[in-house]
Amino acid sequence: MIERGTAERILVVEDDESLLRLLERVLRNAGYSEVRGVSDARQVLPIFREWRPELVVADVQMPHLDGIAVMQQLRARLPAGEFLPVLLVTGDVAAETKQRALAAGASDFLTKPFDASEVVLRIGTLLALRRAQRELREAVQRVTEQVEQAHVDAVRRLTMAVKYRNVQGATDPTLVGELSAHIAGALDLPADEVERIRLAAPLHDLGMVGIPEEVLGREGSLSLDELDQIREHTSMGARILTNSESRLIQLAEEIALYHHEAWDGSGYTPGLAGDSIPLAARIVAVADTFCAMTRNRPYQTAHSVDDAVAWIESQAGSRFDPEIVRAFLRVAGMGDLALLRRT
């Protein structure tokens, strides 16, 4: 049902002052309380930025900027996915003019002279369409947020599974996620990307769930066959996470598969080097190494924070991405990061 008269903001652009006042009066008489009129099209953009109209009525033929130019000016400044209905009005009945207006994205087209009731009807229809589009967009956003939250919940549960599977002295996956997020922040990555890295990084060793416990808990040296089994945890983790449409789980898959690659190509995948290694995996490689070095493990006594930081710095350009090492050093230099002192 089309509502007749609302508080939605309507901007009327018409260089003919008498016609502009007529349109304003028609709309207010129909119950539209938020109506603004402008006779100079050059004033539209400042009004749009300040007032954000929800529908625009514009004459096609005006000096300085015609109605189509005004429409294109506004459409270019709309947030992604937002619908701004534009009703173009003209005395030019040529088919070419109408086609040009519709091709440029006009929502509707009205030819002068027009009937006042028809103007009100068409505006009501366009506003109802805008409301429906907004409601649909909001519904999609709610569903998207629910799906994303389900993905976050799944990742957190997998992280708990990794924690339960960890052998004595193994790296705390949550700590790796926190340190990875700090490094990502020091790289000035967008906040949403930093958060995804924080959530996905703890799954870097997810594939360890498939490694026999006697191999994971071995205190002495591992055989070549056992080392090969350990190396398989990257592929195993990726296989567990593969074929997901979730950006978060796709990121976790990349981290699991590539976090043991080296900047110089000497990592698990021979020849895979430099920027070819996904950025998040390069970040986690540094965070995981620091966390592993500063914990007591069956085959190693924990290094001091200073020694671990110094060793990682020495590996910039060989094992680790130099830019990420610099970001890590900035994090390490922050005296309030108790995170780096957890062992």
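This is a predicted model, so every value here is computed, not measured.
- Checked against salt bridge (Lys or Arg N to Asp or Glu O under 4.0 Å), E195 has the following partners two or more places apart in sequence or in another chain: R198.
- The two residues A327 and A186 come nearest to each other via the heavy atoms O-CB, 3.7 Å.
- Atom CG of L19 and atom OG of S39 lie 12.0 Å apart (nearest 0.5 Å).
- In this structure, the separation between CD1 on I240 and CG on L206 is 4.0 Å, given to the nearest 0.5 Å.
- The OG1 atom of T242 sits 9.0 Å away from atom CG of L257, with the distance rounded to the nearest 0.5 Å.
- More than 12 heavy-atom neighbours from other residues, nucleotides or ligands sit within 6.0 angstrom of CG on D153.
- Hydrophobic clustering places L20 together with V119 (ILVMFWY residues linked when any side-chain heavy atoms are closer than 4.5 Å, directly or through intermediates).
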- [ ] May I have the step-by-step check of side chain to side chain contact (heavy atoms under 4.5 Å, CB included) for V13 and D40, ending in yes or no?
- [x] CA-CA 7 Å; V13 190; D40 188 334; over 6 Å; no
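- Criterion: ILVMFWY side-chain heavy atoms under 4.5 Å apart, direct or through other members. Under it, V325 and L189 are part of a common hydrophobic cluster.
- Panel note: side chain S235, backbone E232; no donor-acceptor pair is recorded below 3.5 Å.
- Rounding to the nearest 0.5 Å gives a distance of 5.5 Å between CZ of F114 and CG of L22.
- The shortest side-chain heavy-atom distance between D172 and R295 falls under the 4.5 Å cut-off.
- With sequence neighbours excluded, the residues that form a salt bridge (Lys or Arg N to Asp or Glu O under 4.0 Å) with R130 are E54, E82.
- Side-chain contact between T289 and R319: present, with at least one pair of heavy atoms (C-beta onward) separated by less than 4.5 Å.
- Of the possible donor and acceptor atoms, none in the side chain of R282 sits under 3.5 Å from a partner among the backbone N and O of D321.
- Counting non-hydrogen atoms of neighbouring residues, nucleotides and ligands closer than 6.0 angstrom, the CD atom of E323 reaches no more than 12 such neighbours.
- Between A273 and W263, the shortest heavy-atom distance links the atoms CB-O, 3.3 Å.
- Transitive grouping of hydrophobic side chains (ILVMFWY, heavy atoms separated by less than 4.5 Å) brings L78 and M71 into a common cluster.
- Taking CD from E254 and CG from L203, the interatomic distance works out to 13.5 Å, rounded to the nearest 0.5 Å.
- If you take OG on S180 and CG on L175, they are separated by 9.0 Å, rounding to the nearest 0.5 Å.
- Scanning all heavy atoms of the two residues, the minimum distance from E34 to W51 falls at O-CH2, 3.7 Å.
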Open item on the list: Assess the residue pair V35 and L23 against the criterion (side chain to side chain contact (heavy atoms under 4.5 Å, CB included)); give the C-alpha distance rounded to whole Å, side-chain angles, the decisive distance to 0.1 Å, and a yes or no.
Closed with: CA-CA 10 Å; V35 180; L23 284 168; over 6 Å; no
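- Under the 4.5 Å side-chain heavy-atom criterion for grouping Ile, Leu, Val, Met, Phe, Trp and Tyr, F290 is connected to V286 within one hydrophobic cluster.
- Under the 4.0 Å criterion applied to side-chain N and carboxylate O atoms, R21 and E24 are assigned as salt-bridge partners.
- Classified by interplanar angle (parallel below 30°, tilted 30° to 60°, perpendicular above 60°), the ring pair W311/F320 is perpendicular.
- Within the 3.5 Å criterion, the main-chain N or O of Y32 finds no donor-acceptor partner in the side chain of E8.
- Every residue was checked against the salt bridge (Lys or Arg N to Asp or Glu O under 4.0 Å) condition with R142, not counting sequence neighbours, and none meets it.
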For residues 100-110, run the donor-acceptor check on the side chains, cut-off 3.5 Å, and write out each pair with its distance to 0.1 Å, sequence neighbours left out.
residue : atom : partner : partner atom : Å
S107    : OG   : V86     : N            : 3.0
D108    : OD1  : R122    : NH1          : 3.1

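- Stacking of R330 on the aromatic ring of F328 is not recorded, the 6.0 Å distance cut-off and the 45° axial limit not both being met.
- Contact between L126 and F83 at its shortest, heavy atoms only, is O-CE2, 4.4 Å.
- Residues I68 and Q72 have side chains in contact (heavy-atom distance under 4.5 Å, counting atoms from C-beta outward).
- For the residue pair S304/D306, the side-chain donor-acceptor check at 3.5 Å is not satisfied.
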Give every donor-acceptor pair under 3.5 Å between a side-chain atom in residues 57-65 and any protein atom, sequence neighbours left out.
residue : atom : partner : partner atom : Å
D59     : OD1  : Q61     : N            : 3.4
D59     : OD2  : K112    : NZ           : 3.0
H64     : NE2  : R42     : NH2          : 3.2

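- R231 places no side-chain N or O within donor-acceptor distance of the main-chain N or O of Y268, the cut-off being under 3.5 Å.
- E17 CD: more than 12 foreign heavy atoms inside a 6.0 Å radius.
- Tracing side-chain contacts under 4.5 Å through hydrophobic residues (I, L, V, M, F, W, Y), one never reaches V284 starting from Y258; they form parts of separate clusters.
- Screening residues 68-81 for salt bridge (charged side-chain N to carboxylate O under 4.0 Å, His left out) gives no qualifying pairs among residues at least two apart or on separate chains.
- In this structure, the side chains of C291 and L179 come closer than 4.5 Å at one or more pairs of heavy atoms.
- Heavy-atom minimum distance, G185 versus V194: N-CG2, 3.9 Å.
- The minimum heavy-atom distance between H233 and D205, with the atom names listed, is NE2-OD1, 2.9 Å.
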